[in-house]
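Please read the structure below before turning to the comments.
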Amino acid sequence: MRGGPLQGVRVVELTKVWAGPCVGKLLGYLGAEVIRVESEGSLDVTRTYGVDEINNAPGFQSVNPEKLSVQVNMKTKEGIAIILDLLGKSDILVENLRPGAVKRLGLGYEDVRATKPDIIYVSMGMFGSEGPLSYQTGYAPCFAALGGLSSRVGYEGGAPEGMNIRYADSTFGAAAAYGALVALLHRRRTGVGQFVDVSAVECMSSMIGDTLMDYALNGAIVGCEGNRHAEMAPHNVYPCRNDEWISIAVNSDAQWASLAQRMGQPELATQPSFCSHSMRKAHEAELDTVIAAWTVKQDACELSRELQLHGIAAARSQSSLDLVGDPILWERGFYQDVSDREGRAKATLGPSWKMTRAASINHAAPQLGEHNAYVLGDILGLSSEEQQRLTDAGITR
Amino acid sequence: MSALTGYRVLELSESVAGEYCGKLLSDFGAEVIKLENPDGGSPTRYQGPFAPRGDDPERSGLFAYLNTNKCSVALDVQRAAADHQLDKLLRTVDVVIDDHAAGWLQEIGLDPATVEIRYPGLVLCSITAYGQSPPEDRLHAQDLTVFHSSGWGYHTPGVDDKQQPPLQGAGRFLPSYEAGLEAALCVTSALYEREKSELGRFIDISKLEVLASRADYVLAQMVAGDMPVGPQRTAYNLQGPAGIFPCRDGFAYIWMSAPAHWDALRKMLGNPEWMKSFPDNWLERECTQERVAEVRRYLARWLVTQNKHEVAALAQEQGLTLVAVNNAGDLSSSAQYQFRGFFSDVDHPVQGAVAYPTVPYKLSETPARIVSPAPLLGQHTQSALAALSGGEQ
């Protein structure tokens with residue numbers, strides 16, 4: 001038993017790529033048993049990206065630790081019947097297939113509800129499952145562009161640069177996971193299941209709720225602001241030695257005085273153009289130039305430490321190299337080992353949270369169909385002869 | 001009843017992360033009691049955007065957005081801790097949410113070990129920048145600095161530019177919203193288990209780890225040694241000509257990664273001469289920098305003559321993944337958002353009625369709803385404290 005708050009909850013995934021699998025990953029990390037239903041005729045592309053061996057694809061492994069895999073041919077009626085049987089013994093279904101695909105398969109909400117009336121059915125789409133644009137599809141950066149995020153990221157007065165291309169899927173997954181758990185809790189208290197319809201684009205919009213409030217209240221359309229922040233100055237990312245960068249955010253006059261002291265220019269704190277927040281905002285470009293002229297001669301790591309010790313929020317802008325070596329992420333167990341079927345250890349990301357009585361996380365992502373015997377035999381109660389017949393008939397493998 | 005009706009949440013939070021977490025719970029019907037410093041209330045009451053009418057402390061649109069459906073009790077938490085009022089309150093609630101710096105909970109007598117013994121059924125969730133025991137060089141943080149600790153900052157934008165600094169994310173509070181969402185997820189899982197076990201739980205949310213986990217697809221590959229790491233600001237990039245291009249009336253984003261996208265573009269442009277020199281599968285197999293640059297040149301020339309929404313609609317018909325880069329105004333008038341009811345009119349007694357953004361998940365049986373606007377400072381102090389002393393008799 002792995003423990004954790006969701007121990008005893010069974011989740012079935014009909015998912016592809018990143019966002020859908022992320023929901024199962026989060027629920028699995030909270031203790032749920034998560035079963036990916038995979039069909040050899042329509043494999044998740046992350047099983048094949050950049051590798052010839054479908055059981056060794058790094059992308060797939062990154063978002064599917066601690067899951068089970070059952071291989072069922074979804075192009076056969078009997079295969080769909082097996083999936084419905086499994087759903088009859090499950091709590092949550094997560095799907096992020098193309099719009100309309102689950103209905104065509106005979107696995108839409110109404111189909112599943114006929115078998116399992118209290119299922120929590122989580123449907124994920126770029127724009128949600130209904131509405132005038134629900135037929136449209138896209139990838140993560142499309143979500144960020146459509147949801148209003150990309151237009152906010154860029155240099156002051158410049159064209160939008162957009163969020164990083166990798167941003168969106170895991171946020172979408174986290175929002176869907178939250179919706180699923182609210183529904184699951186409701187079911188535990190009332191016995192009633194429901195349909196949870198999640199929009200990727202709206203997930204993005206909810207990451208800039210205050211920007212949307214500014215429009216609602218004032219009709220304001222705020223564009224790119226570089227690293228500016230209305231309530232803080234200095235608030236920017238400054239150059240350091242060796243092409244490194246340091247982020248610094250000052251939110252009081254006292255912190256600014258402390259920073260000026262570290263700069264060896266204490267008079268800056270009382271200089272009329274920088275002596276208050278509003279004056280610093282009014283002369284922010286000049287302020288940034290003065291600070292950058294100082295930081296550029298420093299080592300980012302040492303400077304961040306020195307500023308921290310004097311009460312200033314500062315952090316080196318971490319590259320991928322810095323990030324995989326960040327001691328706090330190892331010490332807190334955010335990076336942890338899981339072992340594959342052959343018992344080989346491999347580092348991966350654990351959950352972002354720590355909690356008492358947490359679920360243990362031990363296993364790497366599953367091989368294709370690795371848990372067919374468990375799912376078909378232990379859960380569905382099929383005899384080994386029946387399982388053999390299904391394999392021979394090309395329905396399972 | 002909504003899904004979380006009947007749960008009582010004590011909110012000690014004073015910034016965006018914890019207040020957003022509380023909102024995610026209160027919009028599903030949880031009773032969220034927000035303790036506010038009687039001397040001015042939550043600091044978010046003084047952060048923009050501001051409504052054109054009203055005065056401090058009731059004019060912040062940020063506070064109004066983050067605190068829908070909550071009660072405000074003006075009570076000095078240090079004093080309440082000293083005179084046992086906090087203790088009484090804690091015995092009436094299911095969940096406590098806090099987002100002060102690491103160590104603050106201990107200062108008011110709520111260190112997790114003590115809480116587990118004194119209030120065994122309480123779910124206590126703390127949101128901090130770097131977790132409960134940060135090293136001395138990570139005691140101070142703002143969303144900008146956490147974003148840059150997490151790798152997202154360094155790779156935004158994903159260009160190797162030695163002159164221009166890497167950027168913060170969209171808006172001021174993205175790291176806080178992300179952490180608030182993760183906290184709500186964990187709290188809900190804890191409530192689910194508690195229905196049977198009657199046991200509470202301590203939940204420790206680190207903004208750094210939440211943000212880093214949002215790059216799990218790439219970062220897990222990097223930490224496993226399956227993807228190269230290095231000092232390049234392009235380390236998270238994908239190859240190809242995808243990107244944002246100016247249009248006649250704004251910007252559009254185009255994605256291209258597979259031969260099908262190339263075919264769709266060819267149809268869209270009427271198979272122009274310049275496309276004929278490219279191999280059909282170049283995006284997958286022969287994606288050179290020269291080809292990417294050439295395609296980007298032609299895409300830029302074409303898109304600058306187009307209107308973003310119109311060209312996006314045509315592109316979707318052809319199977320080309322091209323979308324408008326929307327701003328707040330576009331979202332406000334989006335037919336899709338209207339269809340789903342993403343914006344909901346909320347009438348605030350001081351700020352007036354405006355359309356608030358809501359949540360991205362629609363639950364068929366228990367939809368999230370904004371029933372009451374954010375509370376005025378101390379609006380529920382008397383009733384809450386009377387209920388407490390009543391409970392004592």
Side-chain angles (χ1 to χ4, degrees), chain A residues 5 18 30 58 62 127 131-133 136 142 145-146 148-152 161 164 166 170 178-179 181-182 185-186 194-195 197-199 202-203 207-217 221 227 237 247 249 305 308 313 315 317 319-321 323-324 334 347-349 352-356, chain B residues 3 49 51 61-62 65 137 140-142 144-145 148-149 151 153-157 165 168 170-171 174 177 185-186 188-189 192-193 201-204 209-210 213-214 216-217 220-221 223-224 226 229 231 235-236 244 253 316 323 325-329 335-336 339 354 357 360-362 364-365:
Chain A
W18 184 350
L30 287 165
S62 66
F127 275 115
L133 300 184
Q136 296 195 357
C142 304
L146 287 165
L149 268 61
S150 303
S151 71
R152 300 284 337 262
E161 302 282 347
N164 184 281
R166 305 291 189 164
S170 287
Y178 175 58
L181 284 194
V182 168
L185 180 52
H186 182 69
Q194 55 185 316
F195 184 65
D197 182 358
V198 194
S199 155
E202 290 176 3
C203 287
M207 293 292 127
I208 51 165
D210 54 299
T211 298
L212 303 186
M213 281 300 288
D214 202 5
Y215 181 81
L217 290 164
I221 291 177
N227 286 315
V237 184
S247 56
R305 182 179 172 78
Q308 283 279 343
S317 188
S319 69
S320 58
L321 184 62
L323 201 56
V324 299
F334 176 67
T348 193
L349 305 192
S352 75
W353 57 80
K354 299 283 161 287
M355 61 169 67
T356 39
Chain B
L62 177 68
Y65 169 65
D137 59 354
H140 307 281
Q142 296 289 350
L144 174 75
T145 62
H148 278 271
S149 287
Y154 194 78
H155 302 100
T156 305
Q168 64 183 342
L174 185 143
Y177 293 132
L185 172 75
C186 290
T188 308
S189 76
Y192 175 82
E193 191 258 3
R201 199 180 285 267
F202 177 63
I203 300 163
D204 167 9
E209 286 162 54
V210 174
S213 75
R214 296 293 188 256
D216 52 358
Y217 185 84
Q221 294 186 60
V223 78
D226 290 325
V229 295
Y236 283 14
I244 294 173
Y253 177 82
Q316 283 281 339
V323 299
V325 175
N326 284 331
N327 59 37
Q336 181 67 18
F339 179 89
V354 300
Y361 29 74
K362 291 180 76 68
S364 59
E365 296 294 322

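With a 4.5 Å cut-off on non-hydrogen atoms, Phe339(B) touches chain A through its side chain but not through its backbone. For Gln142(B), the parts sitting under 4.5 Å from any heavy atom of chain A are the backbone and the side chain alike. For Leu144(B), the parts sitting under 4.5 Å from any heavy atom of chain A are the backbone and the side chain alike. Within the 4.5 angstrom heavy-atom criterion, only side-chain atoms of Tyr253(B), from C-beta onward, approach chain A. Of the two parts of Trp18(A), only the side chain, counted from C-beta on, holds a non-hydrogen atom closer than 4.5 Å to a non-hydrogen atom of chain B. Interface residue Ile203(B): backbone and side-chain heavy atoms are both found under 4.5 Å from chain A. At a 4.5 Å heavy-atom cutoff, the contact between Leu146(A) and chain B is made by backbone and side-chain atoms alike. Residue contact with chain B, scored on non-hydrogen atoms closer than 4.5 Å, involves the backbone and the side chain of Leu349(A) alike. Proximity to chain B involves both the backbone and the side chain of Leu185(A), based on heavy atoms less than 4.5 angstrom apart. For a residue to count as touching a neighbouring chain, one of its non-hydrogen atoms must lie under 4.5 Å from one of that chain's; by this rule Ala224(B) touches chain A with backbone and side chain alike.
Closest approach of His148(B) to Gln168(B), counting heavy atoms only: NE2-N, 4.0 Å. A pairwise comparison of heavy atoms in Pro231(B) and Ser319(A) identifies CA-CB, 4.1 Å as the closest pair.
In this structure, Leu149(A) CG and Thr211(A) OG1 are separated by 8.5 Å, a value rounded to the nearest 0.5 Å. The OG1 atom of Thr348(A) sits 9.5 Å away from atom CD of Gln221(B), with the distance rounded to the nearest 0.5 Å.
Using cut-offs of 30° and 60° for the angle between ring planes, the Tyr361(B) and Tyr178(A) rings count as perpendicular.
For chain B, the option among Gln136(A), Met213(A), Gln194(A) with the highest count of heavy-atom pairs below 4.5 Å is Gln194(A). For chain B, the option among Ser247(A), Ser150(A), Pro5(A), Gly179(A) with the highest count of heavy-atom pairs below 4.5 Å is Pro5(A). Between chain A and the options Asp216(B), Thr156(B), Val354(B), the largest number of non-hydrogen pairs under 4.5 Å is found for Asp216(B). Of the listed residues (Ser149(B), Ala51(B), Ala335(B)), the greatest number of heavy-atom pairs within a distance under 4.5 Å of chain A belongs to Ser149(B). Ranked by heavy-atom pairs under 4.5 Å with chain A, the first of Glu193(B), Gln336(B), Lys362(B) is Gln336(B). Each of Ala313(A), Ser317(A), Ser151(A) has some count of heavy-atom pairs under 4.5 Å with chain B, and the biggest count is that of Ser317(A).
In this structure, the side chains of Arg214(B) and Ser352(A) stay at 4.5 Å or more apart for every pair of heavy atoms. No side-chain heavy atom of Asn164(A) sits less than 4.5 Å from a side-chain heavy atom of Pro157(B).
Here the side chain of Thr188(B) pairs no donor or acceptor atom with the backbone of Val182(A) at under 3.5 angstrom. Here the side chain of Ser320(A) pairs no donor or acceptor atom with the backbone of Val229(B) at under 3.5 angstrom.
With salt bridges taken as basic N to acidic carboxylate O contacts below 4.0 Å, one links Asp137(B) and Arg305(A).
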